[in-house]
Amino acid sequence: MHLPVFLDDPRRLLSSSAAAAASASARTLARLHALLIVSSSASHTLISSLAAAYARAGDLAAAESTLTATAASSSIAAWNAIIAAHSRRGSPASALRVFRALPPAARPDSTTFTLALSACARLGDLRGGESVRDRAFDAGYKDDVFVCSSLLHLYARWGAMGDAVKVFVRMPRRDRVTWSTMVAGFVSAGQPLDAIQMYRRMREDGVKGDEVVMIGVIQACTAARNVRMGASVHGHLLRHGMRMDVVTATSLVDMYAKNGLLDVACRVFGLMVHRNDVSWSAMISGFAQNGQSDEALRLFRNMQASGIQPDSGALVSALLACSNIGFLKLGRSVHGFIVRRFDFNCILGTAAIDMYSKCGSLASAQMLFNMISDRDLILWNAMIACCGAHGRGQDALTLFQEMNETGMRPDHATFASLLSALSHSGLVEEGKLWFGRMVNHFKITPAEKHYVCLVDLLARSGLVEEASDLLTSMKAEPTVAIWVALLSGCLNNKKLELGESIADNILELQPDDVGVLALVSNLYAATKKWDKVRQVRKLMKDSGSKKMPGCSSIEIRGTRHVFVMEDQSHPQREEIVSKVAKLDLEMRKMGYIPRTEFVYHDLEEEVKEQQLSYHSERLAIAFGLLNTGPGTRLVIIKNLRVCGDCHDAIKYISKIADREIVVRDAKRFHHFKDGVCSCRDYW
DNA sequence: CTAGGGTTAG
């Protein structure tokens with residue numbers, strides 16, 4: 001801008017420069033400042049608006065030094081401009097520093113307190129915020145909407161909803177910001193129904209919502225799994241011509257996606273005029289979390305192709321998708337991308353460790369874990385879970401103790417992972433010991449998952465009676481999962497009488513999981529209760545129709561190959577089939593007996609045996625054997641659980657082919673080597 | 001000169 005210079009007329013200088021100062025650059029302002037000093041025409045008001053202008057232009061040091069040591073330092077408006085600028089630039093700590101160092105002559109007003117409280121909210125400084133509140137109330141701002149709303153936000157943001165409500169009820173006047181703060185507060189406190197209730201009360205109060213309120217309501221619908229209401233909010237937005245900005249549309253995409261309406265989410269996403277990194281992330285995570293990992297990864301590529309750099313949200317979702325389908329090569333390349341362009345934070349680190357774990361690469365997970373020095377609880381938990389999943393119970397325990405030594409406090413999830421790790425490694429004494437310490441020392445009330453682990457641990461090692469006693473000591477009724485853990489123990493330790501009564505208990509709870517029903521049916525078969533077997537088989541047939549087809553994949557030299565039982569299209573199909581048949585022959589010579597009880601359809605025995613041979617994991621293994629050199633480890637990723645027959649079969653194959661075979665199914669890892677499986681799982 | 005907003009890890 002051109003600076004008007006009227007050095008001969010101080011009054012004209014003053015009026016024109018006040019206007020000029022409003023939008024000037026810091027450089028221009030410095031020239032103006034110099035002129036004012038040279039002409040000694042710097043009035044109180046002019047200095048204060050100059051300081052404010054410096055603040056707006058981003059030169060906060062100049063703003064402060066202009067103000068200090070002049071009579072204008074009592075101008076609260078100028079100080080507010082400085083504090084606001086610190087906030088805007090994302091440094092709430094500096095904002096608070098300026099606030100705390102205000103000269104006594106500058107009396108803070110509503111704006112000042114509002115800014116200070118907002119800075120405390122961003123920092124999570126509840127105590128600091130309360131001292132600001134005391135000063136604000138003393139200064140007479142007890143009923144100020146801005147002050148109270150920002151105080152409300154401080155509480156709501158940090159989970160103190162009780163205090164937030166206290167402030168809220170005694171506010172004489174509430175505007176839409178007040179209401180939207182309450183709505184968002186209840187959402188982040190995990191009380192979506194209260195959030196929706198707040199919105200209703202707002203409408204009754206005659207306050208109209210804007211898009212910010214509606215975003216809160218949409219999130220509440222997402223959390224409450226209320227798509228109907230979510231869709232009606234969507235309609236409300238459209239009918240009332242509210243601005244469908246990126247944030248609003250993104251929260252709608254998330255709402256539909258998280259509730260399984262991926263097609264609607266896609267449509268909303270497709271209609272967006274502007275999409276940013278967060279919108280893409282929401283869509284990608286929607287696919288990844290709904291089991292459509294291939295689609296998620298396709299979208300991830302599209303995002304990069306359309307010139308949007310993935311943010312950490314998109315990267316985490318991409319890693320999750322890679323974990324789901326066991327796509328190690330792509331996971332590695334995402335990891336590489338992160339290393340080149342980001343700092344490794346705990347969220348990204350956890351996602352990457354989990355990816356390596358689920359892709360069968362324990363070593364890479366450990367290496368990455370060792371490289372992250374600033375570890376949070378979830379990162380530790382992920383690594384402990386990783387050890388457990390790979391059958392390293394002792395390593396999980398060592399890691400757990402290391403974690404305690406650093407002063408990190410384990411939570412319910414840590415113990416779930418630890419107990420599961422101990423159970424699958426057969427470390428019974430350690431399992432009992434740590435379950436007890438969890439309750440008595442760490443004061444964690446055992447949840448269902450902990451009971452499942454402990455019952456599993458005991459029953460697995462033949463301590464079926466002890467496990468059964470544990471159930472009687474529980475306060476709540478045992479769930480299906482707990483009964484199932486006990487029942488597998490009964491079946492494998494031939495405690496058939498107890499098993500039968502447990503099977504009856506399970507049936508009463510009307511499970512529709514085929515795996516659970518299969519177990520129950522196998523137990524009845526063991527006790528020769530054939531009418532019950534027939535009854536359960538019928539239930540299985542009914543629920544079987546809802547079952548998705550099993551598929552297995554294997555990655556060879558960076559390419560994923562997917563196999564399903566019915567698939568005839570694979571170019572190497574002939575070769576694979578003859579390999580399977582050859583293996584089958586050798587296995588039988590070594591004592592393999594097909595376990596046709598794992599074929600749940602009514603078929604001839606012979607056909608059942610054939611079906612077992614062509615289970616997707618066996619096709620994948622045959623393909624792997626054909627296409628890799630001797631000694632190469634095979635990693636198979638399966639979407640469903642490996643059945644008992646396949647488990648047997650792979651043991652033999654690992655011996656015949658002299659290969660290490662790792663199978664990751666929907667539940668865990670099975671490491672096969674020399675005819676044994678390291679994971680103490682059974683059928 | 002001022003308050004409230006979307007995605008992402010075990």
Side-chain angles (χ1 to χ4, degrees), chain A residues 48-49 51-52 55-56 75-85 87-88 108-119 121 141 144-154 156-157 175-185 187-188 209-219 222 245-255 257-258 276-286 288-289 310-320 323 345-355 357 376-386 388-389 411-414 416-417:
Chain A
S48 115
S49 55
R56 261 195 308 274
S75 160
I76 194 61
W79 286 112
N80 287 345
I82 293 174
I83 300 173
S87 286
R88 264 199 310 277
D109 61 4
S110 157
T111 306
T112 326
F113 289 124
T114 302
L115 285 165
L117 283 166
S118 154
Y141 294 106
D144 187 281
V145 207
F146 277 77
V147 169
C148 289
S149 291
S150 45
L151 178 61
L152 203 64
H153 177 232
L154 169 71
R157 172 76 211 281
D175 62 8
R176 64 180 63 172
V177 175
T178 318
W179 287 103
S180 76
T181 306
M182 289 303 283
V183 171
V187 170
S188 59
D210 61 359
E211 42 293 296
V212 181
V213 184
M214 300 321 272
I215 287 163
V217 180
I218 293 166
Q219 290 185 82
T222 311
D245 60 16
V246 208
V247 182
T248 317
T250 301
S251 53
L252 283 172
V253 167
D254 182 53
M255 188 270 295
K258 281 226 177 74
N276 61 17
D277 44 0
V278 183
S279 335
W280 281 93
S281 297
M283 200 61 242
I284 294 170
S285 82
Q289 290 176 347
D311 63 342
S312 67
L315 292 165
V316 166
S317 299
L319 287 170
L320 177 67
S323 313
N345 63 30
C346 279
I347 295 187
L348 284 165
T350 305
I353 284 175
D354 189 54
M355 180 277 295
S357 170
D376 72 357
L377 176 65
I378 300 183
L379 189 74
W380 279 103
N381 288 354
M383 196 60 224
I384 292 172
C386 172
D411 71 349
H412 61 101
T414 319
S417 300

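Numbers restart at 1 for each chain; the letters A, B, ... are given by sequence-line order, proteins then strands.
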J.: Which nucleotide sits closest to the side chain of A:S150: B:dG4, B:dG6, B:dA3?
T.: B:dA3
J.: Touch check for A:R176, heavy atoms < 4.0 angstrom, all strands: base, sugar-phosphate only, or nothing?
T.: base
J.: CZ of A:F113 to CD1 of A:I83: how many Å apart, nearest 0.5 Å?
T.: 10.0 Å
J.: Answer with base, sugar-phosphate or nothing: what part of the nucleic acid does A:V147 contact at a heavy-atom distance below 4.0 Å?
T.: nothing
J.: To the nearest angstrom, how far is A:E211 atom CD from B:dG6 atom C1'?
T.: 13 Å
J.: OP1 or OP2 of B:dA3 versus the side-chain N and O atoms of A:H153: is any pair under 4.0 Å?
T.: no
J.: Record whether the side chain of A:T250 comes under 3.5 Å of the base of B:dG6 through a donor-acceptor pair of N or O atoms.
T.: yes
J.: Please tabulate, for side-chain N and O atoms in residues 212-219 of chain A, each donor-acceptor pair with protein atoms closer than 3.5 Å (sequence neighbours left out).
T.:
none

J.: Please report the distance, rounded to the nearest Å, between CG in A:L151 and P in B:dG4.
T.: 12 Å
J.: Quiz question: by atom type and distance under 3.5 Å, do the side chains of A:T178 and A:S149 form a donor-acceptor pair?
T.: yes
J.: With sequence neighbours left out, what residues match A:S110 under side-chain hydrogen bond (donor to acceptor under 3.5 Å, both in side chains)?
T.: A:D144
J.: Tell me whether the side-chain N or O atoms of A:D210 pair up with the base of B:dG4 as donor and acceptor below 3.5 Å, since no angle test is needed here.
T.: yes
J.: A:T248 near the nucleic acid: base, sugar-phosphate alone, or nothing, with a heavy-atom cut-off under 4.0 Å?
T.: base
J.: B:dT8, B:dA3, B:dA9: which one has an atom nearest the side-chain heavy atoms of A:D376?
T.: B:dA9
J.: Do the side-chain N or O atoms of A:Q289 get closer than 4.0 angstrom to the phosphate oxygens (OP1, OP2) of B:dA9?
T.: yes
J.: When we call it a touch if two heavy atoms are under 4.0 Å apart, what does A:L115 touch: a base, just sugar-phosphate, or nothing?
T.: sugar-phosphate
J.: Contact class for A:T181 (heavy atom, under 4.0 Å): base, sugar-phosphate, or nothing?
T.: sugar-phosphate
J.: In whole Å, what is the span from the CG atom of A:D144 to the P atom of B:dG4?
T.: 14 Å
J.: Contact class for A:V246 vs. all strands (heavy atom < 4.0 Å): base, sugar-phosphate, or nothing?
T.: base
J.: Could you work out which one of B:dA9, B:dA3, B:dG6 sits closest to the side chain of A:I378?
T.: B:dA9
J.: CH2 of A:W179 versus P of B:dA3: gap in Å, rounded?
T.: 21 Å
J.: Go through B:dA3, B:dT2, B:dG4 for me and flag the one nearest to the A:T111 side chain.
T.: B:dT2
J.: Within the pair A:Q219 and B:dG5, is there a side-chain N or O less than 4.0 Å away from OP1 or OP2?
T.: no
J.: Please report the distance, rounded to the nearest Å, between CH2 in A:W280 and P in B:dT8.
T.: 17 Å
J.: Without hydrogens or angle criteria, can the side chains of A:S251 and A:D254 be said to hold a donor-acceptor pair below 3.5 Å?
T.: no
J.: Return the nearest nucleotide to the side chain of A:S180; candidates are B:dG5, B:dA3, B:dG4.
T.: B:dG4
J.: Is the base of B:dT7 touched by the side chain of A:S285 through a donor-acceptor pair closer than 3.5 angstrom?
T.: no
J.: Does A:K258 put a side-chain nitrogen or oxygen below 4.0 Å from OP1 or OP2 of B:dT8?
T.: yes
J.: Once you apply a heavy-atom cut-off of 4.0 Å, does A:A84 come out as touching a base, just sugar-phosphate, or nothing?
T.: sugar-phosphate
J.: Any side-chain N or O of A:R88 less than 4.0 Å from the OP1 or OP2 oxygen of B:dT2?
T.: yes
J.: Which nucleotide in the set B:dG5, B:dT7, B:dA9 lies at the smallest distance from any side-chain heavy atom of A:V316?
T.: B:dA9
J.: Base, sugar-phosphate, or nothing: which does A:D277 touch, judged by heavy atoms less than 4.0 Å apart?
T.: nothing
J.: Figure out the CG/P separation between A:D354 and B:dA9, and round it to whole Å.
T.: 10 Å
J.: Once rounded to the nearest 0.5 Å, what's the spacing between atom CD1 of A:I347 and atom OG of A:S312?
T.: 6.5 Å
J.: Expressed in angstrom and rounded to an integer, what is the separation of A:L152 atom CG from B:dG5 atom P?
T.: 12 Å
J.: Expressed in angstrom and rounded to an integer, what is the separation of A:D175 atom CG from B:dA3 atom P?
T.: 12 Å
J.: Looking at every strand, decide which applies to A:S87 at a 4.0 Å heavy-atom threshold: base, sugar-phosphate, or nothing.
T.: nothing
J.: Would you mind telling me which of B:dG6, B:dG4, B:dA9 lies closest to the side-chain atoms of A:A351?
T.: B:dA9
J.: How far does CH2 of A:W380 sit from OG1 of A:T350, to the nearest 0.5 angstrom?
T.: 12.0 Å
